[in-house]
There are 2 protein chains.
Amino acid sequence: MPKRERQRQLEVSLEQNPFLTDEELSKQFNVSVQTIRLDRLECGIPELRERLKTVAARTIDAEVKSLQSDEVIGDIIDIELDKRAVSIFDVTDDHVFRRSGITRGHHLFAQANSLAVAVLDDDLALTVTSDLHFLKPVRSGDRVIARAIVDKERSNDKRTFVDVISTVENETVFTGEFQMYQTTDHSRRELR
Amino acid sequence: MPKRERQRQLEVSLEQNPFLTDEELSKQFNVSVQTIRLDRLECGIPELRERLKTVAARTIDAEVKSLQSDEVIGDIIDIELDKRAVSIFDVTDDHVFRRSGITRGHHLFAQANSLAVAVLDDDLALTVTSDLHFLKPVRSGDRVIARAIVDKERSNDKRTFVDVISTVENETVFTGEFQMYQTTDHSRRELR
DNA sequence: ACTGGTATTAGTACCAAGTGCTAATCCGGA
DNA sequence: TCCGGATTAGCACTTGGTACTAATACCAGT
């Protein structure tokens with residue numbers, strides 16, 4: 001096998017499995033450990049321990065991210081409890097259908113639904129029913145702005161209606177009407 | 001600081017930041033490196049390099065998982081294209097509200113919506129509208145079974161209706177009606 | 001046939017972050 | 001005062017490397 005080809009395959013191997021030591025690689029390619037080291041040097045591939053460090057750091061990062069996004073999908077940029085709220089959600093390649101590049105519906109729903117939960121000044125609001133309209137396809141790179149408004153007219157002490165409108169560059173891409181169930185007693189809450 | 005307390009804090013520190021070496025820890029607790037080593041031994045905490053290995057392995061695992069779950073939320077266990085499909089979704093602590101332990105609505109939606117997409121034998125089906133009912137709270141540990149049925153009666157060549165009913169132990173916890181938009185031309189597809 | 005350049009291999013010294021072990025020291029209580 | 005747990009120190013050894021030097025192999029050009 002020529003040198004170039006070996007180095008190309010080396011990069012592929014390590015991308016798939018960053019846990020391989022130089023010795024394991026040398027057996028895989030039937031060359032000496034030193035050759036592997038020179039190859040890594042030429043390709044700028046760091047040693048095993050460094051590779052694991054960066055992979056592990058990526059985990060920690062991802063875990064922090066998924067934790068924060070567990071609370072609210074998207075970043076809340078403005079909120080007036082029990083009245084209205086606004087959140088921003090930046091769509092990336094992770095959120096879209098591979099073939100079409102169009103955002104999967106559940107991400108838009110998640111942003112809207114978690115905003116509806118957040119806008120209610122309640123220990124715990126649950127969604128009871130919702131009516132959704134996906135109006136225009138959203139793509140990777142789009143910045144979705146969701147605006148939630150609590151509909152006081154239709155709400156009573158146990159049921160609250162929240163309307164969410166999501167836009168991309170001022171064009172409405174999604175609307176949702178959420179009927180929420182609130183667990184805490186409003187009369188009690190006044191006393192807090 | 002007593003030994004017990006130091007060991008407790010050691011575990012906390014390493015859980016937060018597995019990248020700390022024995023030397024860094026010894027400075028943090030103002031004891032010798034050897035003491036840290038003995039503490040780790042007593043607590044069964046592996047060395048830095050081993051810790052990074054497991055953290056890195058967790059990443060790889062998580063990345064594979066998130067990739068597969070990108071396609072469909074939940075595992076499809078039965079499917080008859082353009083007719084019906086069934087998927088299973090096991091709820092974990094990651095899917096629930098911390099305070100109440102009740103599953104966040106968007107996970108139930110994601111399972112149902114991605115099943116509705118999957119059941120349609122189409123290159124790309126998009127959700128246009130949907131009407132959701134969250135009937136009973138779902139908790140960590142519950143196994144949610146979603147059944148999607150394509151409603152042929154109401155469907156035409158450009159609009160397809162899919163009804164999804166999700167149950168936990170035979171009790172309906174969620175229902176969703178999805179109106180889907182299909183991009184490919186059905187008449188052409190017959191020829192494939 | 002000789003020379004040059006590239007590729008490969010071998011070997012050495014050294015490093016970080018350890019394990020495993022022994023020995024010394026400290027400190028408090030019966 | 002002596003005992004025992006806690007702590008510290010020191011040394012040999014391990015892994016998986018880096019950095020460097022030297023030797024060898026092979027192929028092309030002249």
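These figures come from a predicted structure and were not determined experimentally. Proteins get letters first, then strands, A, B, ... in listed order; numbering begins at 1 in each.
The shortest side-chain heavy-atom distance between A:His106 and B:His106 does not fall under the 4.5 Å cut-off.
Considering only residues two or more places apart in sequence or on other chains, A:Asp151 meets the side chain to side chain donor-acceptor pair (under 3.5 Å) condition with A:Arg154. A:Glu11 is linked by a side chain to side chain donor-acceptor pair (under 3.5 Å) to nothing, counting only residues two or more places apart in sequence or in another chain. Under the salt bridge (charged side-chain N to carboxylate O under 4.0 Å, His left out) criterion, A:Arg51 pairs with no residue at all, not counting sequence neighbours. Among residues two or more places apart in sequence or in another chain, the salt bridge (charged side-chain N to carboxylate O under 4.0 Å, His left out) test is passed with B:Glu24 by none.
Within the structure, the side chain to side chain donor-acceptor pair (under 3.5 Å) test picks out the following pairs touching residues 132-146 of chain B (sequence neighbours left out): B:Asp90-B:Arg143, B:Asp93-B:Ser140.
Across its full length, the helix from C:dA1-D:dT30 to C:dA30-D:dT1 shows an angle of 20° between the axes of its 5 terminal pairs at either end, rounded to 10 degrees.
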Treat primed atoms plus P, OP1 and OP2 as sugar-phosphate and everything else as base, then score nucleotides 24-30 of chain C 5' to 3': B for base contact with protein heavy atoms under 4.0 Å, S for sugar-phosphate contact only, - for none.
-------

Could you write nucleotides 22-29 of chain D as a row of B, S and -, 5' to 3', where a protein heavy atom under 4.0 Å of any base atom gives B, of only sugar-phosphate atoms gives S, and otherwise -?
--------

Check: residues 166-176 of chain A side-chain donor-acceptor pairs under 3.5 Å, at least two apart:
none

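Both B:Ile36 and B:Leu20 belong to a single network of hydrophobic side chains, linked directly or stepwise wherever heavy atoms of I, L, V, M, F, W or Y lie under 4.5 Å apart.
Counting side-chain heavy-atom gaps under 4.5 Å among Ile, Leu, Val, Met, Phe, Trp and Tyr, the cluster of A:Ile88 also holds A:Ile77, A:Val86, A:Ile145.
As judged by a 4.0 angstrom heavy-atom cut-off over every strand, A:Val33 is placed among residues making no nucleic acid contact.
Taking every heavy atom of residues 34-57 of chain B and every atom of DNA chain D, pairs under 4.0 Å involve B:Gln34, B:Thr35, B:Leu38, B:Arg49, by number. Residues from residues 4-25 of chain B lying near DNA chain D, meaning a heavy-atom separation below 4.0 Å, are B:Arg6 in numerical order.
Note: B:His95 and B:His107 have perpendicular aromatic rings, judged against thresholds of 30 and 60 degrees for the angle between ring planes.
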